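Accompanying notes for the structure given below.
Residue numbering restarts at 1 for every chain, and letters A, B, ... go by the order of the sequence lines. Remember, it's a predicted structure, so these values are computed and weren't measured experimentally.
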Amino acid sequence: METVDIVKVAVETAPYAIDKVYDYLLPETLCDQVVVGMRVMVPFGRGNRKSEALVLARTTGEKTPKMKAILQVLDEAPVLDGKGISLALWMHQRYFTTVYQAAKTQLPAGLWYRMEEVYQVAPEVEDLEALTLPEPAIALLKVMKKEGRLSCQAVCARCGADGEGYLPLLVEKKLVVKATQAHRKHRDKTQKVVSLAMDDESAMALVAGKKRSAPMRFAVVEFLIAAGRSAITDVTYFTGASLATVKGLEKSGIVTLSQEEVLRVPEVTASVQGAPIALNEEQQHSFDQLLVLTQKEEPQVALLQGVTGSGKTQVYIRLVQAVLAQGKQAMMLVPEIVLTPQMMGKFASYFGNRVAMLHSGLRTTERYDQWKRIRRGEVDVVLGTRSAVFAPLERLGLVILDEEQEGSYQSDSAPRYHARDIAKYRCTQYGATLVLGSATPLVETAYAAQQGQYHHYYLTQRYNQKPLPEVLFADMRQELRNGNSGAISGLLRTELEKNIQAGEQSILFLNRRGSSRMLLCVECGQSPQCPHCSVALVHHTANGRMMCHHCGYSEKASMYCPDCHGMMKQVGYGTQKVEEELQALFPDVEVLRMDADTTATGHEKILKQFGDEKTPILLGTQMVAKGLDFANVTLVGVLSADLSLYVDHYRATERTFHLLTQVVGRAGRGELTGRGIIQTFTPENDVMIHAAHQDYQGFYQTELTLRQLRRSPPFADIFTFTVSGGEEGAVLKGACTVRDTLKQVLSHPELEGIAPQVLGPAPAPILKVNNRYRYRVTLVAKNVTPIRQRISWLLREFPSTHRGLNLFVDCNNMS
DNA sequence: AGCACGCCGACT
DNA sequence: GTCGGCGTGCTC
């Protein structure tokens with residue numbers, strides 16, 4: 001047997017069921033080009049369809065009859081290093097995803113290839129006139145013969161839709177061949193740069209004599225001496241010279257033209273250089289301890305638990321500075337960067353152009369160019385949201401996860417990774433330190449700290465030394481008995497009045513989870529449903545339409561019921577309704593409203609207006625709970641504190657606590673002491689009481705006991721299996737098979753200590769989305785290798801026995 | 001007999 | 001996922 005070069009690859013088009021490391025022959029012509037971590041093109045499957053693949057390793061070995069050869073190399077340099085490949089392999093195990101998917105998740109979208117079907121006339125077809133075909137088909141062939149390879153879209157653009165209709169026929173008659181072509185949507189941006197080919201004096205000497213006859217040549221050289229090497233567009237813009245003049249200078253050997261890459265990176269605007277940071281005693285203590293961690297060789301995890309306003313950011317910045325001084329790099333992750341412009345400003349002022357910001361507002365190209373900057377080592381600090389955790393820093397020394405309890409750290413599409421887990425894994429790879437920052441950590445995190453797995457540091461004092469706001473309950477049951485069925489209790493109304501009188505501002509928070517604005521027929525009680533999903537359509541007053549938030553369906557809102565022609569009425573506690581109620585209570589008082597209907601760019605405007613104009617009342621949903629810092633706000637009201645408590649989710653209590661403490665923490669940030677009002681139907685509920693007192697420890701103890709009883713994290717992990725498909729009966733049957741198979745494979749003596757528990761099937765909270773029914777099976781068990789292996793086996797086995805059904809699994813879902 | 005469709009299994 | 005092979009069953 002002959003020995004050949006072999007590449008071991010992860011193939012993109014191999015679905016999870018058959019995902020494994022495939023061996024391909026490496027042709028001699030590509031031998032020098034292929035490096036581990038590059039993407040290549042390979043033939044895959046019976047039809048030898050082209051697929052992308054990632055080179056995981058190179059070896060030499062015996063050629064087997066099955067082995068095919070790689071076709072093409074797609075990268076000039078590796079897109080992942082060894083650590084990135086290890087991470088992909090780990091994600092594959094951890095998140096039940098293919099290795100390729102896991103690798104792709106780490107890369108910026110600007111680097112992704114898009115596969116395109118292209119058509120060209122078969123080489124053996126010579127005489128088009130001799131063919132007996134309809135007229136449009138002949139025309140189509142003529143165009144193709146002239147233009148070469150054409151995509152389906154290109155065919156349509158040139159020959160119209162009926163011309164395109166003949167494509168399948170021509171392919172079938174083997175007159176046209178179909179091929180797959182990979183191309184990247186976003187190219188590297190380059191520009192032509194002009195520089196002098198000699199020293200200033202010699203260049204000047206060459207053009208000065210002809211200043212009269214060739215003034216433009218002179219002007220260009222003069223400009224280049226003054227400005228140095230410049231983009232050709234700048235040269236022509238500032239001198240008025242034409243491209244021909246510059247090219248002429250190149251021909252004479254006076255200047256050189258070169259093609260250089262430019263990065264599309266938004267400018268970092270540091271208004272001022274950051275002043276040295278003075279830490280208070282408590283901050284200094286935490287900082288000192290954390291600094292010691294960063295100096296260790298072994299990876300470390302620390303929880304920095306600081307009450308709102310305790311100045312965690314100062315500690316972070318000092319820590320990043322310290323890590324940079326050690327010659328290492330740092331990463332700071334935040335839940336939603338558009339809500340933390342202060343954070344961006346601070347990092348800009350302290351780290352200038354050494355920081356790369358990766359936030360949702362960036363274009364694909366900008367994000368890609370930031371990635372290139374990071375990979376080249378031009379950046380020492382990365383500040384960004386969830387996906388920034390993959391930033392290719394080679395000397396990673398520190399990762400900070402601010403507001404670690406936030407659900408946005410978990411990806412909402414497959415693979416549903418959690419940035420905390422990825423960060424932890426990367427820190428292990430680099431021997432780096434992970435700092436989890438929060439006022440109200442997740443119960444799992446606090447538990448790990450309590451158990452000594454994480455270091456634990458506290459910041460207990462508010463930076464402005466102000467006491468926490470006093471919190472009062474408004475018992476909404478009593479309000480109902482008193483005949484007030486509105487959204488504003490008597491107590492809140494009185495307090496709002498006081499604030500308006502005093503010229504102080506108030507924030508009202510409406511927790512809208514579990515209610516929405518829909519239309520209801522007064523006569524028959526019907527409300528319009530989405531035809532594709534099992535949800536009521538949400539009424540949008542802005543465009544007068546009813547919309548489905550799951551599949552995007554919308555229809556015009558009608559005043560009358562389509563069934564019985566009764567009057568339609570809007571129901572549901574939307575912010576709009578509350579706004580109306582406020583208007584009725586305080587007719588002369590301005591109210592600002594901020595919710596999902598107001599656009600993202602609108603938010604900043606609204607917040608600016610609220611800060612500048614001292615508008616008396618700001619009314620909003622989730623987004624007002626986070627990061628708002630207004631000195632003049634002294635009253636915060638939570639309109640319906642219970643709503644998030646009765647969601648069927650193991651995190652419902654925790655989330656309610658986070659929300660309430662956050663909202664109440666908005667009051668009294670300035671000189672004035674604040675107060676909070678929580679409107680609830682269950683003021684005696686533990687969560688309400690703990691939140692009112694900002695008593696994290698009390699909440700934690702109660703919740704931990706409950707979690708232990710209910711077997712939820714950190715005591716067990718919750719795997720959710722979702723079966724989906726077009727036919728409800730088949731889906732339910734499939735879900736039953738999942739349940740039975742799980743029960744069967746998990747009743748093994750080896751797993752006795754884990755005591756896996758299988759529950760369900762149950763319909764998903766929204767049974768039907770986009771005409772697909774979904775049923776769920778829940779598995780409660782520790783997320784350990786033997787459990788994962790069995791789940792993986794089920795996921796691989798299921799598709800072949802249940803065609804038409806789809807099965808996926810999530811672990812410890814945040815939402 | 002000839003073909004359409006759907007099921008199954010393999011994928012380096 | 002996507003393809004080809006192959007069996008079943010229907011039609012000409």
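Annotation: proximity of residues 22-32 of chain A to DNA chain B (heavy atom, distance under 4.0 Å) is found for A:Tyr22, A:Asp23, A:Tyr24, numbered in ascending order.
Contacts classified as salt bridge (charged side-chain N to carboxylate O under 4.0 Å, His left out) and involving residues 16-34 of chain A (residues at least two apart or in different chains) are given here: A:Lys8-A:Asp23. Listed by first and then second residue, the salt bridge (charged side-chain N to carboxylate O under 4.0 Å, His left out) pairs that reach into residues 136-145 of chain A are A:Glu129-A:Lys142, sequence neighbours excluded. A salt bridge (charged side-chain N to carboxylate O under 4.0 Å, His left out) check over residues 725-743 of chain A, counting only residues at least two apart or in different chains, returns nothing. A salt bridge (charged side-chain N to carboxylate O under 4.0 Å, His left out) check over residues 777-803 of chain A, counting only residues at least two apart or in different chains, returns the pairs A:Glu750-A:Arg790.
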Please list, pair by pair, any protein nitrogen or oxygen found under 3.5 Å from a nitrogen or oxygen in nucleotides 6-9 of chain B.
residue: B:dG9; atom: N7; partner: A:Arg803; partner atom: NH2; Å: 2.8

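No hydrogens or angles were tested; on distance alone, a donor-acceptor pair under 3.5 Å links the side chain of A:Lys20 to the base of B:dT12.
Looking at residues two or more places apart in sequence or on another chain, you find no ring pair (Phe, Tyr, Trp, His ring centres under 6.0 Å) involving A:Tyr16. Evaluation of the ring pair (Phe, Tyr, Trp, His ring centres under 6.0 Å) rule for A:Tyr22 yields A:Phe44 as partners, not counting sequence neighbours. For A:Pro765, the side chain to side chain contact (heavy atoms under 4.5 Å, CB included) criterion is met by A:Arg776, not counting sequence neighbours. Every side chain to side chain contact (heavy atoms under 4.5 Å, CB included) that A:Gln789 has, sequence neighbours left out, goes to A:Thr785.
Checking A:Arg367 against A:Gln370 by side-chain atom types alone, no donor-acceptor pair falls below 3.5 Å.
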Review point. Does the pair A:His532 and A:Asn770 meet the rule for a side-chain hydrogen bond (donor to acceptor under 3.5 Å, both in side chains), with working shown?
Key: CA-CA 5 Å; A:His532 316 298; A:Asn770 249 329; 5.6 Å; no
Compile the donor-acceptor pairs under 3.5 Å between side chains in residues 82-93 of chain A and protein atoms, sequence neighbours left out, one pair per line.
residue: A:Ser86; atom: OG; partner: A:Gly82; partner atom: O; Å: 3.0
residue: A:His92; atom: ND1; partner: A:Thr97; partner atom: O; Å: 2.7

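Protein atom CG of A:Asn48 is 12 Å distant from nucleotide atom P of B:dC11, rounded to whole Å. Atom-to-atom, CE of A:Met41 to P of B:dT12 comes out at 16 Å; the value is rounded to the nearest Å. Residue A:Met67 contributes atom CE, which lies 19 Å from atom P of B:dA10 at whole-angstrom precision. Across the protein-nucleic acid pair, A:Phe44 atom CZ and B:dC11 atom P stand 9 Å apart, rounded to whole Å.
Chain A approaches DNA chain C over the interval C:dG1 to C:dG5, counting the first and last nucleotide 5' to 3' with an atom under 4.0 Å from its heavy atoms.
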